[in-house]
Number of protein chains: 2
Amino acid sequence: MSNTARGQYREVADRIRDSIDQGVYQRGELLPTEDQLADRLGVHRATVNKALKVLLAEGLVRVHRGKGTYVTEIPVIHRAAVGRQRRETREAGQARGAFDAELRALGLTPRSDVTPERTSAAAEVAEKLEIDEGADVLARRRTMFANDVPVQLAVSYIPWSIAEGTPLTEADPGPGGAYSRLEELGHAPAVFTETLRVRPPDAHEADKLKLSPDQRVIAVTRVARTSAGQAVEVNNIVLPAHQWELSYEWPAD
Amino acid sequence: MSNTARGQYREVADRIRDSIDQGVYQRGELLPTEDQLADRLGVHRATVNKALKVLLAEGLVRVHRGKGTYVTEIPVIHRAAVGRQRRETREAGQARGAFDAELRALGLTPRSDVTPERTSAAAEVAEKLEIDEGADVLARRRTMFANDVPVQLAVSYIPWSIAEGTPLTEADPGPGGAYSRLEELGHAPAVFTETLRVRPPDAHEADKLKLSPDQRVIAVTRVARTSAGQAVEVNNIVLPAHQWELSYEWPAD
DNA sequence: GAGTGGTCTAGACCACAGA
DNA sequence: CTGTGGTCTAGACCACTCG
């Protein structure tokens, strides 16, 4: 087995979790330092540190090295994959896209950095786009924030042969986003595929998303194809696993 | 940030990972003990222990307490959610279902325990099935194995008013599985929804799936509805996160 | 510089597996 | 009984943040 003797650090984690649930420590508030918690709970600091990693895994706390440990203020974000590409969704309300709409629904303030760039396709991307390795692609790199907390990285790849000279190469591709432009260019996406893996963050992801090695990301690879089966976009999306809930819906046939 | 000074244990993890990748330690093989690794690599055992937890998170190794640490022998299993309910998929080849087919495709030997049971619906299940809390439901509990390694837990709930007196209450519901029976009973599922969360395993899951608290599970809640929008089945699926790759596909409209 | 969390070493005890 | 990994304490050093 693996779990019979629970370990003191789990008791400590339970006690701190209870304090958070009961409002002793409020959302966004700084917890006592590990030394203080160790004193109060009568254990060594290393045990408190391990307990806090449990809460970190659960997404209950957030750590700023050199500053302290905070109670998480961002609720779990729901991402409904199916439907988010629809024009109505993309243009709904004040939102500039599905991501914006989801965050506003939770009372959060979305923010997003975009960097379009012409580059050459790595092997995995080229394979999925069915182009030659090293061929030119447009890479649109996005970092998304909720209340200034980073919650998503995404890199969208589109063959340069499609994107060249179009608004797709701009930071803001215009109303309805990139999918609307692809539609107008005669490359309307008709079928979407998403493939998911859960893994520890790599160094770049840990840095950008402020994650510790004890946390996980959900790596989503989305491929958009035309009705002719031609892949027109590959999107590599990285989400802090504790911050998201994903949903999918499809017909039986 | 969180990751600038990499930490010695990550170097140790890299070295052990390299040894596994290069075949120094083979699939299914027992690694040297933590004491031995600590001696060879010139670090304290606690550092080796922490390094092994990194590899555990990546799914590269498996730990049997009291015995040792083994190189994982099960490859990542792919689960294509869309299409697995189709009759052709369910009845394909020698397989008794989509799960069987997926494992056989990887050269693994599937095995599965099923325990049907009449019970009363918990709040979350009742809400999704749109029945009264505490109303009777059929619960079909499954534990699935690949080469005798547990790889999935699932509990399928069907209102007792539908299941009573049908083959659904049997351990083997017959050809094509439960969905075929629902179809014949006039409750053919027409729309499926899956909602995913990543979290640490609870005590029961850790025990059944032989997981350590440092690992994660993907908790999938699937709801099957008829074309009239009536929920007929709720399935709570728990997967060791490091062992699976999930995929979904859907049309743009 | 003082305070924070991240990590490492040292040594110890425990729970579990198997001879 | 011995050997394994899991955990705890003690004490130390480091990197980062902020005044």
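Letters A, B, ... are given to chains in the order of the sequence lines, protein chains preceding strands, and every chain is numbered from 1. When reading the values below, keep in mind they use all heavy atoms of this one structure, side chains included, and skip hydrogens, waters and symmetry mates.
Comparing C:dG6, D:dG6, C:dT9 by their closest approach to the side chain of B:V43 singles out C:dT9. Proximity note for A:R65 (side chain, C-beta onward) versus D:dA15, D:dT9, D:dG5: the nearest is D:dA15. Listed nucleotides D:dG6, D:dC8, C:dT4 differ in distance to B:R45; the shortest reach to its side chain belongs to D:dG6. Here C:dT7 is the nucleotide among C:dT7, D:dG6, D:dC8 with the atom lying nearest to any side-chain atom of B:K50. Nearest nucleotide to the B:A46 side chain, out of C:dT9, D:dG5, C:dT7: C:dT9. Closest approach to the A:H44 side chain among C:dG5, C:dA12, D:dG11 is made by D:dG11 (side chain taken as heavy atoms from C-beta onward).
Checking B:G42 against B:K67, the closest nucleotide of DNA chain C that is more toward the 5' end is the one next to B:G42. Mapping A:L56 and A:G66 onto DNA chain C by nearest heavy atom places A:G66 closer to the 5' end of the strand.
Residue B:T47 has a polar side-chain atom (N or O) positioned under 4.0 Å from OP1 or OP2 of C:dT9. Listed pair A:N49 / C:dG6 meets the phosphate criterion, a side-chain N or O lying under 4.0 Å from OP1 or OP2. Listed pair B:Y9 / C:dC8 fails the phosphate criterion, with no side-chain N or O lying under 4.0 Å from OP1 or OP2. Of the side-chain N and O atoms in B:Q8, one or more sit less than 4.0 angstrom from OP1 or OP2 of C:dT9.
Salt bridge annotation for B:E73-B:R27: absent, with no cationic side-chain nitrogen under 4.0 angstrom from a carboxylate oxygen.
In this structure, NZ of A:K210 is placed 20 Å from P of D:dA15, rounded to the nearest angstrom. Put simply, CG on A:L30 is 15 Å from P on C:dG3, counting in whole angstrom units. Atom CZ in A:R62 sits about 14 Å away from atom C1' in C:dG5, given to the nearest Å.
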Can I get a per-line list of side-chain donor-acceptor pairs under 3.5 Å for residues 234-244 of chain A, giving both atom names and the distance, sequence neighbours left out?
| unit_1 | atom_1 | unit_2 | atom_2 | d |
| --- | --- | --- | --- | --- |
| A:N236 | OD1 | A:T221 | OG1 | 3.4 |
| A:H242 | NE2 | A:Q215 | NE2 | 3.3 |
| A:W244 | NE1 | A:V151 | O | 2.9 |

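Not a single donor-acceptor pair under 3.5 Å links the side chain of B:R40 to the backbone N or O of B:A38. No donor-acceptor pair under 3.5 Å is formed between the side chain of B:Q22 and the backbone N or O of B:S19. Formation of a donor-acceptor pair under 3.5 Å by the B:R45 side chain with backbone atoms of B:L37 is not found in this model.
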